[in-house]
Amino acid sequence: MLNINEIKELVSQFDGSSLTEFDLREGQFELYMNKNESSRGVSSPTSTVEVPNVVMAEPVVPSSTRPEVSKETTQTATESFDGIEVNSPIVGIVYLQPAPDKPQFKSVGDKVTKGEVICIIEAMKLMNEITSEVDGQIVEILVENEAIVEYGQPLFRIQPN
């Protein structure tokens, strides 16, 4: 069984990592940590240490530089878009450029062809190329470089030719 200092160290490392869930079982001891919005239920009566969900704070942006976007405007823009959305097939870190010293794969307004790489998602130290499913034009990039993305999260909007 882990002592309290080892548990605190695990929690600290988990908090600083890109992992969204961590489950450790050792004999009757179980430690489960979760950064997701929803949590699995704990059903076994074994000795379990529950750690509250860790919520990553978003950086504070002064209101003078923050664009004002109402929910109405966002819903209207989404409803009127008749192109396709490229969604994340996995949980990971999205990279919009092939290397830190290289330009972005694609920018808003760029033409894209079917099968062309538009970003990379790193998951468990594996780099997964995300490609366009259609020929068209990038209308909107919905994520920031090096952001953590969830499964099914929209990444790009493409207007097909």
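If you chain together hydrophobic residues whose side chains sit under 4.5 Å apart, Val143 and Val91 never meet in one group. Residues Ile118 and Val134 fall within the same hydrophobic cluster, defined by Ile, Leu, Val, Met, Phe, Trp and Tyr side chains chained together at heavy-atom separations under 4.5 Å. Both Val94 and Val112 belong to a single network of hydrophobic side chains, linked directly or stepwise wherever heavy atoms of I, L, V, M, F, W or Y lie under 4.5 Å apart.
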Please report the C-alpha distance between Ser88 and Ile121 in whole Å, then the side-chain angles of each, then the deciding distance to 0.1 Å, and finally whether the side-chain contact (heavy atoms from CB on, under 4.5 Å) criterion is met.
CA-CA 8 Å; Ser88 176; Ile121 298 180; 3.3 Å; yes
How far apart are the C-alpha atoms of Asp110 and Phe105, what are their side-chain angles, what is the distance that settles it, and do they pass the side-chain contact (heavy atoms from CB on, under 4.5 Å) test?
CA-CA 10 Å; Asp110 288 353; Phe105 286 106; over 6 Å; no
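Residue Gly83 comes nearest to Pro160 through the heavy atom pair CA-CD, 3.7 Å, listed as atom of the first residue, atom of the second, then distance. For the pair Gln97 and Lys102, the tightest heavy-atom approach, listed with the atom from each and the gap, is NE2-O, 3.3 Å. Of all heavy-atom pairs spanning Asn161 and Gly136, the tightest one is OD1-CA, 3.4 Å. Scanning all heavy atoms of the two residues, the minimum distance from Glu85 to Leu142 falls at OE2-CD1, 4.3 Å. Between Val139 and Val108, the closest heavy-atom pair is O-CG1, 3.4 Å.
One finds the CD1 atom of Ile90 at 11.0 Å from the CD1 atom of Ile93 (value rounded to the nearest 0.5 Å). Distance check: Ser107 OG to Ile138 CD1 gives 9.0 Å after rounding to the nearest 0.5 Å. To the nearest 0.5 Å, atoms CD (Gln159) and NZ (Lys111) are separated by 10.0 Å.
Applying the side-chain hydrogen bond (donor to acceptor under 3.5 Å, both in side chains) definition to pairs two or more places apart or across chains, those involving residues 120-139 are Tyr95-Glu122.
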Side-chain donor-acceptor pairs of residues 144-156 under 3.5 Å, sequence neighbours excluded:
from	atom 1	to	atom 2	distance (Å)
Asn145	OD1	Leu96	N	2.7
Gln153	OE1	Glu150	N	3.0

